[in-house]
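Per chain, numbering begins at 1; letters A, B, ... match sequence-line order. Values in this document were obtained by computation on a predicted structure and should not be read as measured data.
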Amino acid sequence: MTVSVMWFRADLRLADQGALRSAIESGPDGVVPLFVLDDHFDPSNMPVRSAYLARLLADFDERIGGLHVVRGRPEVEVPRVVEQASASSVHVTGGHTPYAMRRDRRVADALGDVPLVDADSSYAVAPGTVRKGDGTSYKVFTPFFRSWQAQGSHPPVTAVRSHAVPWLRSGRSAALPEVTETDVDLPPAGEQAARAHWRRWLDDHVDDYDGERDRPDLDSTSRMSVHLKWGTIHPRTLLADLAERSSAGARAYERQLAFREFYADVLHEWPHSAFGYYNRDYERMQYDEPAGDFEAWKEGRTGFPFIDAGMRQMLAQGWMHNRVRMAVASFLVKDLHLEWTHGARWFRERLVDADLANNQHGWQWVAGCGTDAAPYFRVFNPVGQGKRFDPDGAYIRRWVPELRGVEGRGVHEPWTLEEPPADYPPPLVDHAQERLEALRRHDALGG
DNA sequence: AGTCGTTTGGA
DNA sequence: CCAAACGAC
């Protein structure tokens, strides 16, 4: 009997998209599903994501009847499980961050003659494979998008759900993390939840996506980011469903999926951009040190209702509408003059969908130092964004209880009210002034 | 995936 | 007088 180990990387890219098929094609009679909780895994650094991961692992464990979870270093634990199971191959599936790639190489070295097969990526097109005619990678989204579309991707795999190859049940794993209570209103975890949610959104909302996606008050985005991040659904599944639709909304959604693929490709090509400036000119800019204003931003007490609503939505749900992410990021970088890395770290702590490539490059786009970034002089107006994308203020009233009693559009500028709510803070900064300060600091860079 | 001050053209 | 369009940052 030949056995293969199916090693899920940091997330649970599931078998229906090719990983298990790839294992089947290599001919094993059984598959050991393995998840390694890395020694470096520290729940205090990612409280929201670790709470979600525990739910996800529990769901997976229940569904396949025994996920093998071990704690330790992958280069030690993967070979150990291979030896215990007398496996002849390891199929790895999941995210393509530079860190995952480096870790794979260490594991491959430790495995010796047992092949480590990169069974599937968590992207429609694997990072590092969309290339210009001269073989170099793209730095601008639009040409990447065209090339990515032209390249296409194979259809999603659906038939392997029939369990042509049995999972080798290992019994309940002692290392399975405990599912603990959390104050965060987390979305349901698991593949079935992901598929059900997608189906519903596709039927009811995708055709309106183009017109409504920027409106946090309507809450009409797909909220699929969490499922894509954790791999409980594959983008190829989404693309196949979208291809059957002719609406502008379906096309706009494909474009958003392509942004995710673009940033994964960028990170793959420039690993340093995960935690440093993609455009290193911006390292020299003058920044302030995080202080009380940073704490106010984190807690949603800046006195700018649209900004505070977003930050509080993130604390409550581990999720924030993308339009608001851009506005709060701009506020941190250009009104508070803090480095984007501080904000990106807070997002990674509090967002359940925090994905390294999307998060870091989304921030760098706003900060003007990323690939195909917004020019630095594009400064979001924290009030104007609210008026434009939350016209009636419903989003603000939902997330900022102090302002719930304020009727009309005055809710965007409570300091102009005759009687501003006493328990809501005054604006932390003068936006017009700080905007000019940001432009001044940028000018000081020269060139 | 922006904002702001200015200009322009129609009422 | 005001909105839409425009160009600069």
**Q** Output all residues satisfying side-chain hydrogen bond (donor to acceptor under 3.5 Å, both in side chains) with A:Asp288, sequence neighbours left out; order by chain, then residue number.
**A**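 Partners of A:Asp288 by the side-chain hydrogen bond (donor to acceptor under 3.5 Å, both in side chains) criterion, ordered by chain and then number, come out as A:Arg441.
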**Q** Could you pull out every donor-acceptor pair under 3.5 Å between side chains of residues 390-401 of chain A and any protein atom, sequence neighbours left out?
**A**
from, atom 1, to, atom 2, distance (Å)
A:Asp390, OD1, A:Gly393, N, 3.4
A:Asp390, OD1, A:Ala394, N, 3.1
A:Asp390, OD1, A:Tyr395, N, 3.1
A:Asp390, OD2, A:Tyr395, N, 3.3
A:Asp390, OD2, A:Ile396, N, 3.1
A:Tyr395, OH, A:Gln313, OE1, 2.6
A:Arg397, NE, A:Val406, O, 2.7
A:Arg397, NH1, A:Asp392, O, 2.9
A:Arg397, NH1, A:Gly393, O, 3.4
A:Arg397, NH2, A:Asp392, O, 3.1
A:Arg397, NH2, A:Val406, O, 3.3
A:Arg397, NH2, A:Gly408, O, 2.9

**Q** Can you list everything that forms a side-chain hydrogen bond (donor to acceptor under 3.5 Å, both in side chains) with A:Arg301? Sequence neighbours excluded, please.
**A**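 Listed in chain order: A:Glu299.
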**Q** Check the distance between B:dA1's P and A:Met320's CE and give it to me in whole angstrom.
**A** 20 Å
**Q** Which atom pairs link the protein and nucleotides 6-9 of chain C when you take only N or O atoms and keep those under 3.5 Å?
**A**
none

**Q** Whole angstrom is fine here: how far is it from CE in A:Met326 over to C1' in B:dG2?
**A** 10 Å
**Q** Please list, chain by chain and in numerical order, all residues satisfying salt bridge (charged side-chain N to carboxylate O under 4.0 Å, His left out) with A:Asp241, sequence neighbours excluded.
**A** A:Arg199
**Q** Tell me, which pairs form a salt bridge (charged side-chain N to carboxylate O under 4.0 Å, His left out) where one or both residues lie in residues 413-431 of chain A, sequence neighbours left out?
**A**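 Qualifying pairs, neighbours excluded: A:Lys387-A:Glu413.
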**Q** I need the residues from residues 333-345 of chain A with at least one non-hydrogen atom less than 4.0 Å from DNA chain B; give them sorted by number, or say none.
**A**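 Going residue by residue through residues 333-345 of chain A, none turns out to have a heavy atom under 4.0 Å of DNA chain B.
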**Q** Quick one: ring-ring contact (aromatic ring centres under 6.0 Å, His included) pairs with a partner in residues 400-430 of chain A, sequence neighbours left out?
**A**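 Listed once each, the pairs are A:Phe304-A:Trp415.
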**Q** Rounded to whole Å, how long is the line connecting atom CG of A:Asn381 with atom C1' of B:dG5?
**A** 14 Å
**Q** What residues, two or more places apart in sequence or in another chain, satisfy side-chain hydrogen bond (donor to acceptor under 3.5 Å, both in side chains) together with A:His337?
**A** A:Glu434
**Q** Is there a side-chain polar atom (N or O) of A:Gln385 under 4.0 Å from OP1 or OP2 of B:dT3?
**A**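 Answer yes for this pair, as a side-chain N or O of A:Gln385 is under 4.0 Å from OP1 or OP2.
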**Q** With a 4.0 Å limit, can you tell me whether A:Asn322 has a side-chain N or O closer than that to the phosphate oxygens OP1/OP2 of B:dA1?
**A** no
**Q** Not counting sequence neighbours, which residues clear side-chain hydrogen bond (donor to acceptor under 3.5 Å, both in side chains) with A:Glu75? List them please.
**A**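 Checked A:Glu75 against side-chain hydrogen bond (donor to acceptor under 3.5 Å, both in side chains); matches are A:Arg73, A:Arg106.
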**Q** At under 4.0 Å, does any side-chain N or O of A:Arg388 touch on OP1 or OP2 of B:dT3?
**A** yes
**Q** Find the distance A:Phe380:CZ to B:dT3:P and express it as a whole number of Å.
**A**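 Rounded to whole Å, this separation is 7 Å.
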**Q** Could you tell me the separation between the CG atom of A:Asp210 and the C1' atom of B:dA1, rounded to a whole number of Å?
**A**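 Taking atom C1' of B:dA1 as the reference, CG of A:Asp210 is at 13 Å.
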**Q** To the nearest angstrom, how far is A:Glu434 atom CD from B:dC4 atom P?
**A** 14 Å
**Q** In whole Å, I'd like the distance from the CD atom of A:Gln433 to the C1' atom of B:dT3.
**A**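 Value for this atom pair: 17 Å.
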**Q** Reading 5' to 3' and counting Watson-Crick or G-U wobble pairs with both distances under 3.5 Å, write the dot-bracket notation for DNA chain B, | for bases paired outside the strand.
**A** .|||||||||.
**Q** Once salt bridge (charged side-chain N to carboxylate O under 4.0 Å, His left out) is applied, do any residues pair with A:Asp308, and if so which ones, sequence neighbours excluded?
**A** none
**Q** Using the six-membered ring wherever Trp is involved, compare the ring planes of A:Phe141 and A:Phe259 and label them parallel, tilted or perpendicular (cut-offs 30° and 60°).
**A** parallel
**Q** Can you spot which of A:Leu332, A:Val366, A:Val333 makes a side-chain contact (heavy atoms from CB on, under 4.5 Å) with A:Trp340?
**A**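 Exactly one pass, corresponding to A:Val333.
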